[in-house]
Amino acid sequence: MTKKKIGQILATLESLYGQEQCGLDFNSPFELLIATILSAQCTDVRVNIVTRDLFKDYNTPETILKLGEEGLLAKIKTCGLAKTKAKNIVLTCHRLLTEYNGIVPDQMDELITLPGVGRKTANVVMSNAFDIPAIAVDTHVFRVSRRIGLAAGKTVLEVEKELMKSIPKDKWSQAHHWLIWHGRKCCTARNPNCGGCMLHSLCVFGSQNFKEA
DNA sequence: AACTCGGGGCA
DNA sequence: TGCCCAGAGTT
């Protein structure tokens with residue numbers, strides 16, 4: 001894929017989703033870790049509403065543990081999968097205190113062992129809390145990137161590497177959110193709106209009778 | 001790779 | 001109501 005075409009795709013996505021509210025609010029690696037765990041199957045907008053209240057008094061492993069699983073559940077219950085998340089967050093706080101001196105680790109293989117933290121959450125923390133280059137590939141980023149030809153790789157890891165190679169570094173964060181928005185609003189998994197898609201002329205998927213790319 | 005979990009958003 | 005997930009964990 002040429003640089004010009006990538007530029008056209010990014011410009012189109014920006015014109016479509018540049019104004020959308022996106023991204024998690026956080027003031028520390030720990031806050032981002034908790035917010036990202038909460039964001040599973042839940043929009044950033046909703047997570048931000050919850051954490052704005054939660055982090056006022058509970059923004060460290062110690063204070064979260066003082067709040068307790070029940071207290072935490074009451075505060076995050078609108079995020080979906082709340083019982084599981086509350087349990088995992090409490091377990092993660094325990095492990096941060098006992099194994100990491102209360103500090104969020106900056107290594108992928110360590111982050112991913114924390115309860116409630118998978119490769120997507122770990123990737124988000126790595127790329128946003130620490131200055132470590134990464135693009136978090138979730139289901140939307142994965143699907144949209146492959147369909148429009150931004151990343152021709154087949155596995156999540158390959159798509160991630162391809163995106164990092166082809167997208168200018170200063171656009172990584174924005175491109176990530178734009179791809180997610182496009183995946184939700186237009187390039188959906190089951191019934192993509194290819195007819196109304198602004199990327200149709202640039203896309204290989206739309207001309208292939210919607211066969212999974 | 002396929003399945004489960006499980007609450008909110010949306011038509 | 002019914003269907004779908006801005007995932008993770010388990011088999």
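To find a chain, count down the sequence lines: A is the first, B the second, and so on, and within it residues start at 1.
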J.: Under 4.0 Å, heavy atoms only, any strand: does Ser39(A) hit a base, just the sugar-phosphate, or nothing?
T.: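 Sugar-phosphate contact only - Ser39(A) comes under 4.0 Å of backbone atoms but never of a base.
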
J.: With a 3.5 Å distance limit and no angle check, can you tell me whether Thr2(A) reaches the backbone of Lys5(A) through a side-chain donor-acceptor pair?
T.: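 It does hold such a pair.
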
J.: Between Asn48(A) (side chain) and Leu24(A) (backbone), is there a donor-acceptor pair under 3.5 Å?
T.: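 Answer holds: no.
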
J.: What is the distance, to the nearest angstrom, from the CD1 atom on Ile89(A) to the P atom on dG7(C)?
T.: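 So the two atoms are 14 Å apart, to the nearest Å.
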
J.: Judged by atom type as modelled, is there a donor-acceptor pair below 3.5 Å linking the side chain of His200(A) to the main-chain atoms of Gly195(A)?
T.: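 Flag not set: sc His200(A) to bb Gly195(A) has no pair under 3.5 Å.
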
J.: Which atom pairs, donor and acceptor, lie under 3.5 Å between side-chain atoms of residues 28-38 of chain A and protein residues at least two apart or in another chain?
T.:
{"from": "Ser28(A)", "atom 1": "OG", "to": "Glu31(A)", "atom 2": "N", "distance (Å)": "3.1"}
{"from": "Glu31(A)", "atom 1": "OE1", "to": "Asn27(A)", "atom 2": "N", "distance (Å)": "2.7"}
{"from": "Thr36(A)", "atom 1": "OG1", "to": "Leu32(A)", "atom 2": "O", "distance (Å)": "2.5"}

J.: Could you state the NZ-C1' distance from Lys85(A) to dG8(B), rounded to the nearest angstrom?
T.: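 Rounded to whole Å, this separation is 10 Å.
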
J.: Whole angstrom is fine here: how far is it from NZ in Lys185(A) over to C1' in dC10(B)?
T.: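 Checked: the NZ to C1' distance equals 13 Å.
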
J.: Figure out the CG/C1' separation between Asp44(A) and dG7(C), and round it to whole Å.
T.: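 So the CG-C1' distance, Asp44(A) to dG7(C), works out to 13 Å.
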
J.: Do any of residues 102-130 of chain A sit with a heavy atom less than 4.0 Å from DNA chain C, and if so which?
T.: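 Those residues are Leu114(A), Pro115(A), Gly116(A), Val117(A), Gly118(A), Arg119(A), Lys120(A), Thr121(A).
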
J.: Start with the C-alpha distance between Lys120(A) and Ser39(A), add both sets of side-chain angles, then the distance that settles side chain to side chain contact (heavy atoms under 4.5 Å, CB included), and finish with yes or no.
T.: CA-CA 10 Å; Lys120(A) 191 253 179 180; Ser39(A) 76; 3.9 Å; yes

J.: Have Thr63(A) and Thr60(A) got a donor and an acceptor in their side chains that come within less than 3.5 Å?
T.: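 Yes, side-chain donor-acceptor contact under 3.5 Å.
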
J.: Expressed as a whole number of angstroms, how long is the span from Gln41(A):CD to dG7(B):P?
T.: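 It works out to 13 Å between those atoms.
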
J.: Only one of Leu91(A), Ile89(A), Leu96(A) passes side-chain contact (heavy atoms from CB on, under 4.5 Å) with Leu114(A); say which it is.
T.: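 For Leu114(A), the side-chain contact (heavy atoms from CB on, under 4.5 Å) check succeeds only for Leu96(A).
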
J.: Determine whether the aromatic ring centres of residues Tyr17(A) and His177(A) are separated by less than 6.0 angstrom.
T.: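 Ring centres of Tyr17(A) and His177(A) not closer than 6.0 Å.
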
J.: Within this structure, what is the CG-to-C1' distance between Asn48(A) and dG8(B), rounded to whole angstrom?
T.: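 Interatomic distance, CG of Asn48(A) to C1' of dG8(B): 16 Å.
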
J.: For residues 160-169 of chain A, dump all side-chain donor-acceptor pairs below 3.5 Å to protein atoms at least two apart in sequence or in another chain.
T.:
{"from": "Glu160(A)", "atom 1": "OE1", "to": "Arg119(A)", "atom 2": "NH2", "distance (Å)": "2.5"}
{"from": "Glu160(A)", "atom 1": "OE1", "to": "Asn123(A)", "atom 2": "ND2", "distance (Å)": "3.2"}
{"from": "Ser166(A)", "atom 1": "OG", "to": "Glu162(A)", "atom 2": "O", "distance (Å)": "2.9"}

J.: Can you give me the N/O atom pairs linking the protein to nucleotides 1-4 of chain B at distances under 3.5 Å, or say none if there are none?
T.:
none

J.: Going by salt bridge (charged side-chain N to carboxylate O under 4.0 Å, His left out), name the pairs with one or both residues in residues 85-114 of chain A, residues two or more places apart or in two chains.
T.: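 Counting only pairs at least two positions apart or across chains, the salt bridge (charged side-chain N to carboxylate O under 4.0 Å, His left out) contacts touching residues 85-114 of chain A are Arg95(A)-Glu99(A).
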
J.: Between dG7(C), dG7(B), dC5(C), which one does the side chain of Lys83(A) approach most closely?
T.: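 Comparing dG7(C), dG7(B), dC5(C) against the side chain of Lys83(A), the answer is dG7(B).
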
J.: Atom NZ of Lys87(A) and atom P of dG7(B): how far apart are they, to the nearest Å?
T.: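 The distance from NZ of Lys87(A) to P of dG7(B) comes to 13 Å, rounded to the nearest Å.
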
J.: Is any side-chain heavy atom of Arg147(A) closer than 4.5 Å to one of Pro192(A)?
T.: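 Yes. Closest side-chain heavy atoms under 4.5 Å.
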
J.: Between residues 75-82 of chain A and DNA chain B, which residues have a heavy-atom gap below 4.0 Å?
T.: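 Here the set is Lys77(A), Thr78(A), Gly80(A), Leu81(A).
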
